[in-house]
Amino acid sequence: MLKNTREDYGLVSRLLHWLTFFVVAGMLAGGLLLGVLPDGGIKSIVVSAHKSFGVLVFFLMVVRLLWRLENFRPRFLGSHLALRYVSEVLHVCLYVLLLIQPLAGILMSQAYGYPVGVFGWIQMPTLVWHSPSLGGIFSQIHSATAMILAAAIVVHAAAALKHHYIDGDRTLIRMLKGR
Ligand code: HEM
Ligand code: HEM
């Protein structure tokens, strides 16, 4: 079953969800690594991988958003109406954060005067003029968004584990293996 139903997530939503998770976890870890690596060969490899996968995250989120708009959203399995709204707001926040974060990264690099290539295959078009002070602003946005994103992911994952271990419902199972 490729598409979602009112009860279950289809294969495409599940693959996109877990692919995003693994790439974003790597991006957060890679970003922290960038802060401690000394300038040199290894750092430039990590920077270039970080930028390429980061651009990939942006397009992955666009695809996810389009797929989500095209699909049913499986019904909420908890018992509290308020928690349903909280969970929906959190999902929207995750989408917004994962669009802002790569965009801030791209704008930061370009404003500092560095090109943004994707795995050496394509070059992103220039979206902003060269201005180190603007680069500094995007750098602050990139750092702050990373922290908010990490916190949102922890809350989101904790909620999923609560559904599984405390409420004993199928919320986590249907995202892991569907029906
Ligand atoms: C989901 C996407 C992304 C995540 C989660 C992410 C995460 C991070 C994190 C956690 C840091 C460390 C921040 C700090 O030290 O305060 C960082 C640094 C950095 N990121 Fe990203 N990033 C993403 C996308 C991008 C993209 C698309 C680019 C550029 C095309 C980029 C370029 C950079 C650069 C150049 C640094 C080093 C900044 C510095 O040392 O001032 N990032 N990123
Ligand atoms: C980068 C990390 C993550 C992001 C950005 C993310 C994002 C999302 C989003 C946007 C949804 C809403 C459904 C959709 O649009 O596809 C969702 C659903 C879900 N996520 Fe995550 N997620 C992440 C990590 C995790 C982790 C680590 C877990 C489990 C421990 C998890 C468990 C779930 C579950 C169970 C649902 C279904 C919720 C429901 O049916 O109401 N997610 N996730």
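When a ligand or atom number is given, it counts from 1 through the structure's own listing order.
Taking the side chain as every heavy atom from C-beta outward, L34 and H50 approach each other to under 4.5 Å. Contact check for Q123 versus V116: no side-chain heavy atoms found under the 4.5 Å cut-off. Looking only at side-chain heavy atoms (C-beta outward), T171 and H164 stay at 4.5 Å or farther from each other. With a 4.5 Å cut-off on side-chain heavy atoms, V23 and M27 count as touching. When side chains are defined from C-beta on, F58 counts as touching V62, because their heavy atoms get closer than 4.5 Å.
Nearest to atom 4 (C) of ligand 2 by heavy-atom distance, out of L94, V154, V92, is L94. The option from H156, E88, R73 that lies nearest to atom 42 (N) of ligand 2, judged by heavy atoms, is H156. Distances from atom 8 (C) of ligand 1 to the heavy atoms of H50, Q140, K51 put H50 nearest. Considering each of Q110, H142, M61, K43, the one bringing a non-hydrogen atom nearest atom 24 (C) of ligand 1 is H142.
The contact set between ligand 1 and V116, taken as ligand atoms under 4.0 Å from a residue heavy atom, comprises 30 (C). Listed by atom number, the atoms of ligand 1 under 4.0 Å from A146 heavy atoms are 10 (C). For ligand 1, the atoms closer than 4.0 angstrom to any heavy atom of G54 are 24 (C), 27 (C). Of all atoms in ligand 2, numbered sequentially from 1 with element shown, those under 4.0 Å from a heavy atom of V24 are 1 (C). Within the listing of ligand 1, atoms 27 (C) sit less than 4.0 angstrom from a heavy atom of V55. Close approach of ligand 1 to L34 is summarised as follows: ligand atoms under 4.0 Å from at least one heavy atom of the residue are 19 (C), 36 (C), 37 (C).
Shortest contact from atom 10 (C) of ligand 2 to any protein heavy atom: Y95 CE1, 3.3 Å. The shortest contact between atom 16 (O) of ligand 1 and any protein heavy atom is with S143 OG, 2.7 Å. If you check which protein heavy atom lies closest to atom 1 (C) of ligand 2, you get I153 CD1, 3.5 Å. Looking only at heavy atoms of the protein, atom 35 (C) of ligand 2 is closest to T171 O, 3.4 Å. What sits closest to atom 9 (C) of ligand 1 on the protein, heavy atoms only, is G31 CA, 3.5 Å. Of the protein's non-hydrogen atoms, A157 CB, 3.9 Å is the one closest to atom 30 (C) of ligand 2. Atom 32 (C) of ligand 2 has its closest protein heavy atom at A160 CB, 3.7 Å. Here the protein heavy atom with the shortest distance to atom 5 (C) of ligand 2 is L98 CD1, 3.4 Å. Shortest contact from atom 27 (C) of ligand 2 to any protein heavy atom: F21 CE1, 3.6 Å. Protein heavy atom at the shortest distance from atom 7 (C) of ligand 1 is Q101 NE2, 3.4 Å. Among all non-hydrogen protein atoms, the one lying nearest atom 26 (C) of ligand 1 is G105 CA, 3.8 Å.
Residue contacts with ligand 2 leave out W67, since none of its heavy atoms falls under 4.0 Å from the ligand. Using a 4.0 Å heavy-atom cutoff, S109 is listed among the residues neighbouring ligand 1.
Contacts with ligand 2 closer than 4.0 Å are made by no heavy atom of H163, backbone or side chain. Proximity of M108 to ligand 1, defined as any heavy-atom pair under 4.0 Å, is confined to the side chain (atoms from C-beta onward).
Aromatic pair Y112/F138: ring centres not closer than 6.0 Å. The distance between the ring centers of H17 and F22 does not fall below 6.0 angstrom.
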H163/F76 under ring-ring contact (aromatic ring centres under 6.0 Å, His included): CA gap, chis, key distance, verdict: CA-CA 11 Å; H163 274 283; F76 181 71; 5.8 Å; yes
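Contact annotation for atom 40 (O) of ligand 1: protein absent (non-hydrogen atoms, distance under 4.0 Å). Distance screen at 4.0 Å: atom 21 (Fe) of ligand 1 has a protein heavy-atom neighbour inside the cut-off.
The two residues D169 and G78 come nearest to each other via the heavy atoms OD2-N, 4.3 Å. Of all heavy-atom pairs between G117 and S52, the closest is O-OG, 3.5 Å. The minimum heavy-atom distance linking K51 with S109 is given by the pair CE-OG, 3.3 Å. The minimum heavy-atom distance between Q101 and I141, with the atom names listed, is OE1-O, 4.3 Å.
Counting heavy atoms of neighbouring residues, nucleotides and ligands inside a 6.0 Å radius, atom OH of Y95 exceeds 12 of them.
Note on H17: its N/O/S atom closest to atom 21 (Fe) of ligand 2 is NE2.
Atoms CD and CG, from E70 and N4 in turn, are 11.0 Å apart once rounded to the nearest 0.5 Å. Taking OG1 from T145 and CG from L98, the interatomic distance works out to 10.0 Å, rounded to the nearest 0.5 Å. Distance check, rounded to the nearest 0.5 Å: CG of L107 to CD1 of I137 gives 11.5 Å.
Looking at R68 next to ligand 2, an N or O pair under 3.5 Å apart turns up. Residue contacts with ligand 2: W18 is placed with no nitrogen or oxygen under 3.5 Å of a nitrogen or oxygen of the ligand (distance criterion only). Residue-to-ligand polar distances keep S87 apart from ligand 2: every N/O pair is separated by 3.5 Å or more. Between R64 and ligand 2, at least one N/O pair is under 3.5 Å apart. For T20, no nitrogen or oxygen atom sits less than 3.5 Å from a nitrogen or oxygen atom of ligand 2, counting backbone and side chain alike.
Inclusion of H91 in the first shell of atom 21 (Fe) of ligand 2 is not supported: no N, O or S atom falls under 2.8 Å.
A donor-acceptor pair shorter than 3.5 Å can be found between the side chains of R64 and T20.
In the hydrophobic cluster analysis, where Ile, Leu, Val, Met, Phe, Trp and Tyr join through side-chain heavy atoms closer than 4.5 angstrom, Y9 is grouped together with F21.
Looking at K3, R174, R14, R170 one by one, the single match for side-chain hydrogen bond (donor to acceptor under 3.5 Å, both in side chains) with D8 turns out to be R170.
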